[in-house]
Each structure stands twice: as structure tokens, then as C-alpha cells.
Peer 1: 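Got a structure here, written out as C-alpha cells. Questions coming.
Naming: A, B, ... by sequence-line order, numbering from 1 per chain.
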Amino acid sequence: MLSLEAVEVGYGQIKALKGITLRVSDGQIVALLGANGAGKTTALRAISGLLRTSAGSISVDAVRLDRLAPEEIVRRGVVQVPEGRRVFAGLSVLENLRMGAYCRDGSIADDLERVYRYFPVLGQRRRQAGGSLSGGEQQMLAIGRALMARPKVLLLDEPSLGLAPKLVAEILKIIRTINADGVTVLLVEQNAYQALSIAHYSYVLRVGRVVLEGTAEELKDRNDVVRSYLGRQAAG
Amino acid sequence: MDLLSARGVHVHFGGLRALDGVDLSVPPGSIYGLIGPNGAGKTTLFNCISRFQPYSAGAIHYRGRDLGALGPHDAMGLGMARTFQNINLFRSRSTLDNILIGMHARLGNPLAAMLSLPSGRRREGALRGRARQMAEMFGLTDVLDQQVVHLPFGYQKRVELARALASEPTLLLLDEPVAGCNEEETRELCEIVRAINRDLNVTVLVVEHDMSLVRAICDEVTVLDFGRNIARGAPVEILNHPAVVEAYLGETVAPHA
Amino acid sequence: MLAQQIVSGLATGSLYALTAIGIVLIFRNTRTINLAQGDFSMIGAFVALVILEHSGGSLVVATLVTIVAVTALAVVVERLIMRPIEGSDWLTLFTATLGVFYILHGVAGWIWGRDTKSFPALFSSAPLSIGGTLISQAHLFNILVAAVVGGILYLFFRFTKPGIAMRAITEDPVAAQLMGIPVRSIVLLTWAVGGVLAAISGILLAPLVYVSTQMMDGVLVKGYVGAVFGGLYSLPGAVIGSLIIGVAENLAGGYLGAQYKVTIAFVLIVLVLALKPRGLFGGKARREI
Amino acid sequence: MSERGWQITLTFLAFGALLALPAAIPSFYASLLAFMFTYVIAAVGVNLLTGYTGLVTVGHGGFFAIGAYTTALMAKHLGTSVVPGLVAGTVLAGIVGFGLGIICLRLGGAFLAIATLGFALAVGAVLNNWSIFEGREGIQLGKNSVAGLGIKDVGFYYVGLAVMAIVMLASWSIIRSGVGRAFVAMRDSERAAEAMGINLRLYKTVAFAISAAMTAAGGVLFAHHNRYVSTETFGDTWLSVDFLTAVVVGGQASLFGSALGAAFVVMVPYYLGELRDFAYVLNGVALIAVLVFAPDGMAGVLARLLRRVLGRTAREVAPVVDPVSVGRG
């Protein structure tokens, strides 16, 4: 289980996270929702060790992550698919996937096969440069690359960003499949309704704090969610 | 006539269409909002207006003048001023210097200034006087000589506004002014922007995703999504507009469908 | 005559290329313009000379010892000086290598003095005739060694895990971290590779230019010019750029007069930077430097 | 007295001391100090560009050489001395600097550093290979004179001091003016500077030209001080590197720092004499030490010491309490 306890993170004088607590139980998909600037990406960057926390703790299966180097965190099975995909544009698809398995020794043939099963298009394009793929294919590559590290917990930062609706649906479906195969998922989304459609449990952030949490059913019809995005009074 | 108008503006980044024929018209004297979800193209349009971004088709007119061929430094001379998304101050300088740099367009003959000729010194004196007035207006008198990088966040925000207004613009462009602000700071900023609009008679165009700000201060808003206009109107109508809600929260999908 | 000029130009150019590759490798993974790259070679030349002359070692032994010594030097520079200031702005990193440049110049001058020393020629001066063109054996050897080094580097970057990781860090250091690539170790490895290249270029240059503390000052700048051809980023660009400089220099020297030989490097740098500031082979848009 | 007041007082005291100094020291030392002034002048020029405007130059030895050779050739062929050389040398270098500025307009950071390094190399190559410059043979200059009156070591000391004072005063006047603010604005943030209406192209090229002219003034004096120029000094890129070192070690964006840094790069090798290599090591160590421990250079260290002596903390004004951000930590 991944858990954050009262985590605070600041950029200079701006506190981007003002003490958030959240739990991602094994086997779940948990969505982290909120408008732009709410602190979602900051939370993921803190989990992955790119940002130092100023207070609180982050741990997975009772092992503290918040003082470890990013590569140590990957070794402990927490792997992030960053916002904007960030595939290595000049590396081939296969090289990108190999880099995903960097911290592991031994054969990666099985893992490659698994990724190609999820994303057959990557198998067809394994020699092509990552930068030459379409947006949707790059998103698949980014997810596939992270899967190469055999994550226990997969962190996904806005996988739907900039994708056409049809592709978004496809990506969400794959995320559900990956989860069904035993990978715990923490999904950051601005696209609230779509994230809620696959998540078991959700947290809503606003300006660095958790303002709402619950199961998808609980959150879906609440005006609070809408309000936290649009700042509209619940009455409308 | 509109103070600022954009017609059919296109911007492409490689294959990506950041702006796909966007229109905008800002009437003089208003506080106008430009909103949309992440990646909608609002910052790109903002940068087209302030001349940081060239566009491939369409036209932008300011007071009837075509901006197409101008550079960023020309925009200020025409009476526009802008702020930046994540505060972009001259960090090594004092509050006073930042405001003075904001008055660059009024420097006069640079040679006279450089050589401290009498005319240059007179003008420098006048600029400094005016800069102090600006500082006073924004409650910055106590921190005039402090390096801005050491100032608290709220002060830095106000220095940036004071710097932008130092050139006495007719149009003020604000790029996500409340990014990183808490609710109290947001309220304070709303007050300041309203005062600028009312008391200094400055038209304001604000790019924002925080809806509480938009609702509180804007007379009218234009909503973009995927580089196109999707709605325009008064804030209250817009926030209930189905297309806008969908743009922000995504399509409604039945859970676990 | 023309063919000869071109071949000897290629030979010089391939030596510049070794320096240019070292500069590009270090720059694109650390944003450091390494001013000490030339000094690594200079120290290498002195070490090789000491082994050859005083210890009576063979060329092979001298080469191996030199490579180990210079690589160790590069690693020490990274660990002691560059790592504590990693992530600083490029001017700080650049100035730090300027500091290393001074220190290595001073130390070398201190140990080995300021006089130029001759380095035993590795080959007889009798040229070979290939298809009617006379080519010196040393030139041929230089081209050969550079080609082999280039080939090994190609295989390294193409097929080995650390090699691909180096490219990945160039593309996106943050994504590389998120994939679990130990960026610091790979950066250290980058400096080490820079050291190996410097050692080889030092030994190859030594017989041509005499060994002295100043021996690399000119070559280093040519290496930069070559690197700029590739936008400080592309390795093939840096190699092609270095070869172009070598040939252009030789042709200018041969046909226009010696005074044009050095100036041509500046003309090329100005042309490239003025016309294509991101390098002829730099290609696509990259993050700001 | 305010900190600024102290600065002005100390500056006047320092200049007063420099005016009186030749009376107290052997003329030999006056000559050494005059030599140092030429470096100070050059470093002030480099600092204007690198320290204040943020455009890093590793090529100003080229402008120093342009100044030196302009006056040397004029002396040789026209029989002129210091003053005409200063006028011609600074104007010529200003024009070349403007041109180099235009070429380098689109370049930032590392690319600019390499382009300027290439410029220094090219100047060295031209001096080495074009016969009018006499290469390593060099050009001898006649006895120095001002307005027809011959001057010796002490006289030349005052000439150097005067030129240094003028260059520093000019720099000070520029830096304090709106133009200087525009320079610093470009350094701090080009985007914000543009948004304030600053024409980057114009101001960058102007900064280049002024900086080149100032450095060339140092070169003119250098030539007359040694009464000899040759590619032994001007043929490589060491001068350029020394000037940059002076600026970084002394303190970027500080006129006083330029003086300290120039003194450092001149005096350390001088006093180490035969141990010249040790001076290199010291330069290198100083550079790295400054980067790690005192990014604002020797001037910054001295300013902090001065504040401590005056019994004040770095922040004179009471700390600001921001009513809005209280509780942000």
C-alpha cells in the first residue's frame, strides 16, 4: 500500500502541497482529481523523489520513500508515467522500453512480450524513433516503458492530456486491464468524469489540500466536484 | 469599437494546432476573461497578443492597428503591458528598480540617460518620483530598496502589477494572476484588479483557469478548448454552459461502463 | 595535390573530432562546456611521454597507462569539482572547468616545465602511395584510430545499456530519473568516456605538435567549432564538423596562404552560428540551454 | 551614514590615496600599478557585458589587442602617442564590437561563449599571420607623451589613473541610468525585459560596443606601458581568459570587484615570479573557491565584512511581515 501522511511540498515561497494525506490500497485504482494548479503533479513528483518534502511522510508497504533517490524508489516498485509522456524522442521504441527496465538485471524478454500484448502497435514499431509516434502511441509507449520496471504501483500523470476522446477511452480501458492484472494505480486526472469512471476511490485536491474524497459513486453526482473545478456555488 | 480584436488566429507547433482560428474582441473599459482547460490555447493566444508568439494566419488589431509585424518590445510602446504566469521579476534588483524598468518606454534619449546629461538627469528624477507614487499606490513603499527575490510572495505579485502599470498602459494583460495564491490572496488580487480597472481606467484581459476569479471580476469571458472558441458571454451563463462544463470535467461517462 | 590536401585535412579533422566528441558528450549530459578537455589530452601526452622515454615502456603499455590515468583524472574532476555544483547555471559550470584548466596547466608546467618536448614518431615519415596519392603513415593511422574509436562508440551508444542510458539522459534527464536510471553514475561515466577520448587524442597529437602545456590550446578551440556544427548536441554533426574544419584549414593553408589557416575556423564558427545557431546537424528543437 | 554613503566615501578615499601614492613609492611600483590599471580597465569593460548584461565573453582579449595594435601602428606610422591612440582604438573596437554583437545576437549562453572565444582566436591568428602586425617580432612604440610633453613612469601612472577613473565613472553613470537598468533586466529575464519594451537587439549590440571600447582603452594603455606589442602577449586566448577570471573572482556586476579581480590576476603571477605555474594553480583554485563559497566574488566578501564592521546585518530595514502570506512558513 502506498500512503502519504500530511505531506507538504514547497517551491520557494509557494507551498504547493499543504499537508495532504492519501492512501492507495493494493489492487485499487485511485484517482487524484483537481483543477490545474491544485497540486496533483506536485504530489506525484514528491512520491517519485523528484521533489523533497518539507513535512510528512511517504511510504510504500511501510518503507519510507521520502528520502530516497528516484532510482531507489523505482527499485521499490513505484514507477511514474510523467505528464506529457516524455518518451525519449531520439531513442527507438525498443530502446525506450529497455530504459524502463534499467534498474533490473536479467532477461527482459518476458516483459517485452507483455508490453507488446497490451500495446501491439509498439511491437510493430519497435525500431521506430519514439518521437515519430503519434500522441496516442507515445502515451502507450510511456506506459509500456514504466511497466518494464515491473511496478507494484503505477503513477499516471494526466494520461489523457491532449488526446482525442476515442483514444482517451482506449487508454483508460488499458489502464483498467493493467490494474486487473495486479498493478495498483494512482491516476492523476483533470478529466474528472472519465477518471471517476474507472477509479475505485478518489481524492479531490484544491490549492494543495484534499477537499473531498470517496468512491466514484459517492463523488460522481456531487456538485462539490464541479465546484472545486469551476468555483461555482453548489446551487449553480 | 473594440480595443483589441483577434480574427481567425492560427498557430501551429509542428503538427499540433495550438490555435485553430480563434476570435476575440475586448471592448474598452472592460475586464475580460479568457478561459479554458489545460492545453486549450489560451496562453498561446495571450502570447500572440503580447507579441511573444507569431501566428501563421488571421489578424490581431489593437486600437485599429495591425500587430502582425511587431516585436514584444513594441507592444509596450502601443500602450499594452503584461504580467507573467509564475512571476517574472528582475530578481537581482530592488522593488524601485523593477518599477523603473517598467517605465523603460518613457526613458527618452538613451544617450542623455547613459551620460547623466542634465536632460537625462531631469527625466530620471521625474521617473523616480513617479515610480515612488506607483509603489505607494500598491503599498510597496516599505520595501522600495529591497531586492525583490527576498520579498514575500504577495509582495512580489504586487511588484509585478506595479511594474506593468508603471508604463501607464491602456490595456493590461494578466497571465494567470492567482496561480499559487490561496483564497485570501485571490480575494485581495480581485480587489486590486478591480481598482486598476475602475480608478486608472485600464482595460484588463485576464487569462485564467481559476473560475472564482473569473466569476468575481470579469464582465465577459471567451472560452477556448482545443484551440477553438467554444463559448462567449457573461461569466454566470458560461459556467453553466454544457460545452464549458464538459471541456473542464470531460465527457460524462457512466461509471464502470 | 588536392587529394593529398584533403586526406591530410581529414587526418587533422579526425583528431579534432575526438576532442569535439568529448565536448559534446559532456555538454549534452551536464550542460558543461568543458574547457579542460584539451588539458586532459595534454596531461595524457605527458604521461605517455614519461612512460615511453623514462620507463622504457612500449607504445601499447604507454597507451594503456595513459588511458587509465586520464580517465581517472576526469573522474576525479567530476567527483571533486563538478558534482558539488551540479545543477548550477551553465556559467558556473563553465567557470569551474576554467578553474580546472588553470590548475592542470599550472600543475603540468610545474612538473614538466614550460619547454616543448618532442614525442617519438610512431611511424616512419616515408609516405605511402595509394592510388597515386601520397599519404603519410601517421595520417593514415590517425584516421584509422579515429574511425575505430568512432565505431566502438557507435556500438556502445547503440547496444549497451549504459550507452543507451547516456542518450536517454540527453533526451530527458527527468524522465530518465523516473525510469530508475542512476543519472549521477551515468554522468560520471560520461566524464570517464570524455577522459578516454582525451587520452587517445593526446597520444595521437603528441608526435605532430610537440608536447607542451600549450599544445592543446588551438586544438581545443577547433574541437569547439566542430562541436558547434552539431549544435553541441549531435555526435555525427560534431564529427562531420571537425572533418570540415580539418579539410577547410588545409585547403585554405595550401591555396590561400598560411595566414588564412587559423582564421578559417573563426569564419566557419561565425557562419554556422549566424546562419544556424543551433548547429547544422542540431536538428529539432531542444530544451533551452 | 548609509551604506551607499560609505561606498561613495570609500571610493573617494581610494582615489585620493591613488593620487597621492606615487609620492610614497618608488617609480618602479608606480609603473607596476599603471600596468594593473590597464587590466582593471579591461575588466570593467568585460564586467559591463558579462556581469551586468549577462552576455558571457571569452573573447575580450581580442578587443584589448585591437586597442593595443591600433595605437602601436599609429605610433609607428604616424608618430602619435597615447591620446590619439585612445580615441582611435576605442572607436575602432567599438565598431568591431558592434559588429560582433550583431553576429552574436541570436546566441545565448554557451554558444556565445564559444563564438567569442573563436573571435579571440581569429584576432590572434590575424596578428600572427598578417605581416603588418609583425607577429612575434612585434612593434616597438616610441617614448610616451601627452600633448607633446614627454612622460615617464609616474606621469604614465597618472594617465592610467585618469583613464581608469573615466572608464569607471562612465560605467557607473551607465549602470545607474535607465540603460544600465535595461542591461541588468536583460540578464535577469529576457522575456520580462522585452515585455517592458526593451529592444533586446539594440541594447545587446550597444552593450557589446561599449564594453569592447572600454576594454580596448585598456589595450591602448597596455601598449604604451610596455612600449612594445607582439603576439607573445596577444597571439592566444590567455588575455581573454584572464579578464573573465578577473571578473568572476573579483565579483560579477561590481565595478570595485573588477578592480579587485584585475589586481588578483596581475599581482599574483607578478609576486610569484619564477613560480608562474603556481600562479595558474592559484587562479584555478580561486575561481573554484569563489564559485563554491562566494558567488558574488571578492567584492561581495568585502562588502559583507564592511557591513559587519559597521555593525549592521545584511538587512537594514526591519523584516517585512506580509499580512497576506503569514503562515506560509
Peer 1: Picking from C:Ile269, C:Leu104, C:Val221, which has the most non-hydrogen pairs under 4.5 angstrom with chain D?
Peer 2: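 Between C:Ile269, C:Leu104, C:Val221, the count favours C:Val221.
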Peer 1: If you take all heavy atoms of D:Gly109 and C:Trp90, which pair is closest and at what distance?
Peer 2: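 So the minimum-distance heavy-atom pair works out to C-CZ2, 3.0 Å.
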Peer 1: Could you tell me which residues in residues 36-47 of chain C have at least one non-hydrogen atom under 4.5 Å from a non-hydrogen atom of chain D, sorted by residue number?
Peer 2: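 Residues of residues 36-47 of chain C touching chain D at under 4.5 Å: none.
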Peer 1: Do you know the tightest heavy-atom contact between C:Leu98 and D:Leu287?
Peer 2: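 Minimum heavy-atom contact is CG-CD1, 3.6 Å.
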Peer 1: Which pairs count as ring-ring contact (aromatic ring centres under 6.0 Å, His included) when at least one residue sits in residues 239-258 of chain D, sequence neighbours excluded?
Peer 2: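 Matches after skipping sequence neighbours: D:Tyr39-D:Phe243, D:Phe64-D:Phe243.
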Peer 1: With a 4.5 angstrom heavy-atom cut-off, could you sort out which part of D:Val248 is near chain C: side chain, backbone, both or neither?
Peer 2: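 For D:Val248, the contact with chain C is made by the side chain alone.
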Peer 1: Got more than 12 heavy atoms from elsewhere within 6.0 Å of CD, C:Glu86?
Peer 2: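 Buried by this count: over 12 neighbours within 6.0 Å.
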Peer 1: Could you tell me the separation between the CH2 atom of D:Trp238 and the CG atom of C:Asp217, rounded to the nearest 0.5 Å?
Peer 2: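 D:Trp238 CH2 to C:Asp217 CG: 6.5 Å, rounded to 0.5 Å.
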Peer 1: For the interface with chain C, which of D:Leu291, D:Asp236, D:Val281, D:Val241 has the highest count of heavy-atom pairs at distances below 4.5 Å?
Peer 2: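 Greatest number of close heavy-atom pairs with chain C: D:Leu291.
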Peer 1: Check the side chains of D:Thr245 and C:Tyr102 for a donor-acceptor pair under 3.5 angstrom, ignoring hydrogens and angles.
Peer 2: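 Result is yes, a qualifying pair exists.
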Peer 1: With a 4.5 angstrom heavy-atom cut-off, is it the side chain or the backbone of D:Val58 that approaches chain C, or both, or neither?
Peer 2: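 For D:Val58, side-chain heavy atoms alone lie under 4.5 Å from chain C.
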Peer 1: Once rounded to the nearest 0.5 Å, what's the spacing between atom CG of C:Leu91 and atom OG1 of D:Thr50?
Peer 2: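 C:Leu91 atom CG to D:Thr50 atom OG1 measures 7.5 Å (nearest 0.5 Å).
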Peer 1: What distance do C:Trp110 atom CH2 and D:Asp277 atom CG have between them, rounded to the nearest 0.5 Å?
Peer 2: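 These two atoms lie 9.0 Å from each other.
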Peer 1: Only counting residues at least two apart or in another chain, list the ones meeting salt bridge (charged side-chain N to carboxylate O under 4.0 Å, His left out) with D:Asp296.
Peer 2: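 D:Asp296: salt bridge (charged side-chain N to carboxylate O under 4.0 Å, His left out) contacts with D:Arg304.
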Peer 1: Quick check: under 4.5 Å, non-hydrogen atoms only, which of residues 112-122 of chain D neighbour chain C?
Peer 2: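 Under the 4.5 Å heavy-atom cut-off, D:Ala113, D:Ile114, D:Ala115, D:Leu117, D:Gly118, D:Phe119, D:Leu121, D:Ala122 qualify.
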Peer 1: Please classify the contact of D:Val56 with chain C as side chain, backbone, both or neither, using a heavy-atom distance under 4.5 Å.
Peer 2: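 D:Val56 touches chain C through side-chain heavy atoms alone.
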Peer 1: Nearest 0.5 Å, please: how far is CD1 in C:Ile33 from CZ in D:Phe111?
Peer 2: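 Those atoms lie 7.5 Å apart.
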